[in-house]
There are 2 protein chains.
Amino acid sequence: MLTIGKLGAAAGVKVPTIRYYEQIGLLPPPGRSTGNQRLYPRAALDRLTFIRHARDLGFPLEAIRDLLSLSDRPDQSCAAADAIARTQLAAVRARIARLTALEAELQRMVAQCAHGTIASCRVIEVLGDHSHCADDDHARADAAA
Amino acid sequence: MLTIGKLGAAAGVKVPTIRYYEQIGLLPPPGRSTGNQRLYPRAALDRLTFIRHARDLGFPLEAIRDLLSLSDRPDQSCAAADAIARTQLAAVRARIARLTALEAELQRMVAQCAHGTIASCRVIEVLGDHSHCADDDHARADAAA
DNA sequence: CCTTGAACCTATAGGTGCTAGAGATATTAG
DNA sequence: CTAATATCTCTAGCACCTATAGGTTCAAGG
Ligand SMILES: [Zn+2]
Ligand SMILES: [Zn+2]
Ligand SMILES: [Zn+2]
Ligand SMILES: [Zn+2]
């Protein structure tokens with residue numbers, strides 16, 4: 001049996017985060033010691049490690065919730081799991097595309113500045129007027145990694 | 001003079017967002033009509049357009065706040081503004097690097113799945129064990145575009 | 001056995017950048 | 001004048017935690 005601190009250390013997840021996952025139903029409430037402290041079986045470490053790894057790969061908690069419930073039904077087809085992963089891959093690619101457009105524009109902006117006064121600063125000027133931009137590709141879209 | 005709706009339409013910013021910017025002190029409180037509705041001078045459109053563009057380029061509101069107060073002092077050196085832009089460029093590049101690592105791992109995961117049952121699904125397996133990953137580069141880091 | 005200090009408990013609030021809703025008032029077009 | 005639209009304030013919610021406060025339990029050393 002593991003205390004919440006040991007569990008967190010083993011999985012690389014902070015203690016309040018574990019409690020948060022329990023609160024939103026991503027981790028089942030574990031048993032308690034006589035003094036009311038959480039005690040986790042080894043299996044909880046696998047589950048938390050799974051969650052942590054999926055978070056590291058950018059999956060949203062809702063997707064992880066679905067993946068976990070799928071992994072509890074080992075006989076079923078994995079099509080649903082694969083679809084979730086492909087969706088995530090597409091989301092990551094979309095973010096990369098957007099960020100790459102931002103990078104180009106920022107790079108241009110920084111490179112063109114002559115390091116004089118604010119009045120002649122290219123950074124300030126470009127920010128004030130999108131028509132100075134080479135690309136339209138930074139139309140607002142999304143967030144989060 | 002512009003109503004909040006016209007201002008928002010002109011700058012491509014939603015009305016509640018404008019009120020939010022006012023609330024956090026990013027936009028100065030404008031005058032009001034006799035019926036207590038906000039009335040903006042033309043200059044507010046420039047300021048809001050600046051904010052919108054900087055947001056589109058991923059600058060956090062705090063950085064934009066700094067950039068705006070710099071742009072109010074046109075005689076000063078633009079070094080501080082350039083530094084903010086370079087910081088933003090570095091942040092964008094860091095996110096791209098991280099997302100590119102995620103992309104590679106997700107791609108591998110999806111490609112290796114044989115489309116059988118959950119029990120043999122490579123997606124589920126890799127998520128459960130980071131040692132299946134080719135790279136360590138998805139150690140948690142940041143967020144937001 | 002007793003004390004100390006770390007780890008644990010609950011509950012609440014904050015952070016980022018908005019967005020959505022309720023319920024009331026103002027303005028504008030027909 | 002009336003009806004539709006736009007505005008007003010206030011509050012709560014989104015994702016995903018993180019931090020704080022104020023209290024209890026546990027493990028080890030003396
Ligand atoms: Zn400059
Ligand atoms: Zn632009
Ligand atoms: Zn599969
Ligand atoms: Zn991995």
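When the P atom of D/dA6 is taken as reference, atom CD1 of B/I18 falls 14 Å away, rounded to whole Å. When the C1' atom of D/dA15 is taken as reference, atom CG of A/L61 falls 8 Å away, rounded to whole Å. Rounded to whole Å, the distance from CG on A/N36 to C1' on C/dA7 is 14 Å. Put simply, CZ on B/R52 is 15 Å from P on C/dG17, counting in whole angstrom units. With rounding to whole Å, B/R19 atom CZ is found 15 Å from D/dT11 atom P. As a whole-Å value, the separation of B/M1 CE from C/dT27 P is 15 Å. For the pair B/R95 CZ and C/dT16 P, the interatomic distance rounds to 14 Å; values are reported in whole Å. If you take CG of B/L48 and C1' of C/dG17, they are 14 Å apart, rounded to a whole angstrom.
Taking the six-membered ring for Trp and thresholds of 30 and 60 degrees, A/H138 and B/H53 have nearly parallel ring planes, at less than 30 degrees apart.
For A/T3, a side-chain nitrogen or oxygen approaches OP1 or OP2 of C/dC8 to under 4.0 Å. Between A/K14 and the phosphate of D/dC17, there is no side-chain N or O to OP1/OP2 separation shorter than 4.0 Å. Contact check, B/T34 against C/dA26: no side-chain N or O comes under 4.0 Å of OP1 or OP2.
When the nearest nucleotides of DNA chain C are assigned to A/Q23 and B/T17 by heavy-atom distance, the more 5′-ward of the two goes with A/Q23. Projected onto DNA chain D by closest heavy-atom contact, A/P60 and B/G5 fall at different nucleotides, the more 5' of which corresponds to B/G5. Mapping B/G35 and B/P16 onto DNA chain C via the closest heavy atom, the residue that lands nearer the 5' end is B/P16.
Nearest nucleotide to the side chain of A/R32, out of D/dC16, C/dT10, D/dC26: C/dT10. Which of D/dC26, D/dT18, D/dC17 sits closest to the side chain of A/S33 comes down to D/dC26. Picking from C/dT27, C/dG17, D/dT18 the nucleotide with the shortest atom distance to the side chain of B/Y20 gives C/dG17.
Nucleic acid contact for A/R38: sugar-phosphate only, since backbone atoms but no base atoms lie under 4.0 Å from a heavy atom of the residue. B/I24 comes within 4.0 angstrom of no nucleic acid atom, judged by non-hydrogen atoms across all strands.
At a threshold of 4.0 Å, the pair B/E22-B/R19 does not count as salt-bridged, since none of the basic side-chain nitrogens sits closer than that to a carboxylate oxygen. Using a cut-off of 4.0 Å between Lys/Arg side-chain N and Asp/Glu carboxylate O, B/R47 and B/D72 are scored as salt-bridged. We find that A/R42 and A/D46 are not joined by a salt bridge, their nearest charged nitrogen and carboxylate oxygen being 4.0 Å or further apart.
Annotation: the span from A/H115 atom NE2 to A/R122 atom CZ amounts to 13.5 Å, rounded to 0.5 Å.
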